[in-house]
2 protein chains.
Amino acid sequence: MIEYKKEIQLFKALSHPTRIAILELLRNGEQCVCHLEASLGLRQAYISQQLGVLRKAGLLAKRRDGWNIYYRVLNKEVFAVLDSVYQMTGTPKIEQTITPATCTCPHCESEDAQMLVIPEDILS
Amino acid sequence: MIEYKKEIQLFKALSHPTRIAILELLRNGEQCVCHLEASLGLRQAYISQQLGVLRKAGLLAKRRDGWNIYYRVLNKEVFAVLDSVYQMTGTPKIEQTITPATCTCPHCESEDAQMLVIPEDILS
DNA sequence: AGATTACATTCATCTTTCTGAATATAACTC
DNA sequence: GAGTTATATTCAGAAAGATGAATGTAATCT
């Protein structure tokens with residue numbers, strides 16, 4: 001009798017709203033913890049806990065850059081799993097449902113800078 | 001903040017080896033409980049419990065025919081989810097890994113009868 | 001070195017889920 | 001209606017997971 005250990009580990013890791021939301025925030029590339037904190041509106045320690053779960057499940061890896069630690073999805077195939085589930089549940093594409101947020105990391109600040117450029121025709 | 005309730009419910013239902021095995025046994029069509037019992041080698045009450053979980057998760061439906069109750073998968077899309085996970089985990093197609101078994105239900109007995117037909121060229 | 005920033009871990013409590021034993025139900029046979 | 005067969009539910013103890021508070025660590029800056 002097969003035990004489906006890897007599958008169970010994956011399903012358990014995905015059985016949590018915060019962890020799914022984290023994966024969605026990482027769908028388009030790495031993000032720092034403070035960015036996840038700002039986007040999810042949850043306490044930092046709590047997010048770190050959930051990141052730990054995803055890391056232990058082999059879904060995430062991290063990279064330090066100065067003060068910040070950037071998390072990324074190791075295997076993009078996890079999004080195929082998520083998408084097939086959204087297909088079943090009728091949930092719309094998630095990217096559009098999470099409010100974008102910014103934090104103090106260099107990544108966000110450069111994006112901020114870009115967004116804050118006021119088009120000239122509005123000024124006139 | 002999205003709660004992903006349906007997704008969580010689905011992931012939790014799939015986070016169990018017996019329940020995955022049941023779904024695999026139903027991949028090619030309905031089966032009676034006694035057949036699942038024979039194939040999985042687990043006690044009947046236990047299998048009924050797991051069937052109940054899958055039913056409450058909206059994954060299965062049942063149909064009574066005389067003494068037997070036949071379970072079937074309601075939404076075939078669940079196999080797309082499973083297959084995408086097997087893709088991630090590197091698990092081979094499961095159908096071939098579960099030992100076929102027979103029970104006393106009419107379904108199995110007719111299959112038995114077919115299998116027991118001895119080709120004439122072997123007899124000669 | 002000391003203070004600060006960003007992130008991680010530990011610990012205790014509470015809730016949920018798992019598991020197995022026992023019992024219940026529902027349809028059929030005689 | 002009594003007995004049998006097939007399946008379902010209930011219940012209690014054990015295990016696992018969720019949650020939040022507090023604390024720890026590691027890199028950076030002055």
Side-chain angles (χ1 to χ4, degrees), chain A residues 1 3-5 8-22 25-26 30-57 60-72 101-109, chain B residues 1 3-5 8-22 26 30-57 60-72 102-109:
Chain A
M1 163 99 182
E3 299 210 324
Y4 299 109
K5 284 193 180 157
I8 306 292
Q9 184 188 30
L10 177 58
F11 284 133
K12 287 193 173 177
L14 295 176
S15 299
H16 195 290
T18 301
R19 295 198 288 266
I20 296 183
I22 287 173
L25 284 167
L26 300 180
E30 64 178 14
Q31 297 289 350
C32 67
V33 178
C34 61
H35 185 83
L36 301 175
E37 190 182 352
S39 299
L40 296 172
L42 299 170
R43 286 180 318 110
Q44 174 271 317
Y46 183 66
I47 290 173
S48 245
Q49 279 180 330
Q50 306 308 149
L51 286 171
V53 174
L54 290 169
R55 200 156 24 87
K56 280 169 195 158
L60 299 185
K62 61 180 173 179
R63 168 182 79 84
R64 175 181 284 273
D65 184 10
W67 274 338
N68 303 286
I69 289 183
Y70 292 87
Y71 274 85
R72 66 180 183 281
T102 55
C103 58
T104 57
C105 75
H107 196 279
C108 279
E109 290 195 336
Chain B
M1 163 99 183
E3 299 211 325
Y4 299 108
K5 285 196 180 154
I8 305 292
Q9 185 188 30
L10 178 57
F11 283 132
K12 286 193 174 179
L14 295 177
S15 299
H16 195 289
T18 301
R19 296 199 287 267
I20 296 183
I22 287 173
L26 300 180
E30 65 179 14
Q31 297 289 351
C32 67
V33 178
C34 61
H35 184 82
L36 301 176
E37 193 182 350
S39 300
L40 296 172
L42 298 170
R43 287 181 316 112
Q44 173 271 318
Y46 184 65
I47 290 173
S48 245
Q49 279 180 330
Q50 308 306 150
L51 286 171
V53 174
L54 289 169
R55 197 155 26 86
K56 280 170 193 156
L60 299 186
K62 59 180 173 178
R63 169 182 78 83
R64 174 180 284 275
D65 183 10
W67 274 339
N68 303 287
I69 291 183
Y70 291 86
Y71 274 86
R72 67 181 182 281
T102 55
C103 59
T104 58
C105 75
H107 196 278
C108 279
E109 291 195 336

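Every chain is numbered from 1, with letters handed out A, B, ... down the list of sequences. Values below: every heavy atom of this structure, side chains too, minus hydrogens, waters and symmetry copies.
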For the pair A:R55 (side chain) and A:Q50 (backbone), establish whether a donor and an acceptor sit closer than 3.5 Å, ignoring hydrogens and angles.
-> no

Please give, in whole Å, the distance from [N] [atom2] to [X] [atom1]?
X	N	atom1	atom2	answer
A:Q31	C:dA6	CD	P	16 Å
B:K56	C:dT17	NZ	C1'	13 Å
B:Q9	C:dT16	CD	C1'	15 Å
A:E37	D:dG20	CD	C1'	15 Å
A:F11	D:dG17	CZ	C1'	18 Å
A:K5	D:dA16	NZ	P	13 Å
A:H16	C:dT16	NE2	P	13 Å
A:L14	D:dG17	CG	P	14 Å

Looking only at side-chain N and O atoms, does [X] come under 4.0 Å of OP1 or OP2 in [N]?
X	N	value
B:R19	C:dC18	yes
A:Y46	D:dG20	no
A:R43	C:dC7	no

Just so I know, are the side chains of [X] and [Y] near enough to count as touching, which here means a heavy-atom distance under 4.5 Å?
X	Y	value
A:L26	A:L36	yes
A:T18	A:Y46	yes
B:I8	A:L14	no

Taking for each residue the nucleotide of DNA chain C with the nearest heavy atom, is it A:G52 or A:K12 whose nucleotide lies nearer the 5' end?
-> A:G52

Closest to the 5' end of DNA chain C, once B:A45 and A:A45 are matched to their nearest nucleotides, is A:A45

Can you list the steps and then say if B:L54 with B:Y71 is a side chain to side chain contact (heavy atoms under 4.5 Å, CB included)?
-> CA-CA 10 Å; B:L54 289 169; B:Y71 274 86; over 6 Å; no

Between the protein and nucleotides 10-13 of chain D, list every N/O to N/O distance that falls short of 3.5 Å.
from: D:dT10; atom 1: O4; to: B:Q49; atom 2: NE2; distance (Å): 3.1

Strand contacts (DNA chain D) in residues 61-70 of chain B, 4.0 angstrom heavy-atom criterion = B:K62, B:W67, B:N68, B:I69

Apply side chain to side chain contact (heavy atoms under 4.5 Å, CB included) to the pair B:R19 and B:V53, showing each step before the final yes or no.
-> CA-CA 8 Å; B:R19 296 199 287 267; B:V53 174; 3.7 Å; yes

So which heavy atom on A:Y70 is nearest to which on A:C32, and how close?
-> CD2-N, 3.5 Å

From CD (A:Q31) to OG (A:S39), nearest 0.5 Å = 7.0 Å

Report the nucleotide, chosen from D:dT19, D:dT9, C:dA8, that has the shortest atom-to-atom distance to any side-chain atom of B:S48.
-> D:dT9

For the side chain of B:Q44, counting heavy atoms from C-beta on, which of D:dT7, C:dA8, D:dT9 is nearest?
-> D:dT7

Candidate pair A:L40 and A:I22, rule side chain to side chain contact (heavy atoms under 4.5 Å, CB included), full reasoning = CA-CA 8 Å; A:L40 296 172; A:I22 287 173; 3.8 Å; yes

Determine, stepwise, if the pair B:V33 / B:N68 fulfils side chain to side chain contact (heavy atoms under 4.5 Å, CB included).
-> CA-CA 7 Å; B:V33 178; B:N68 303 287; over 6 Å; no

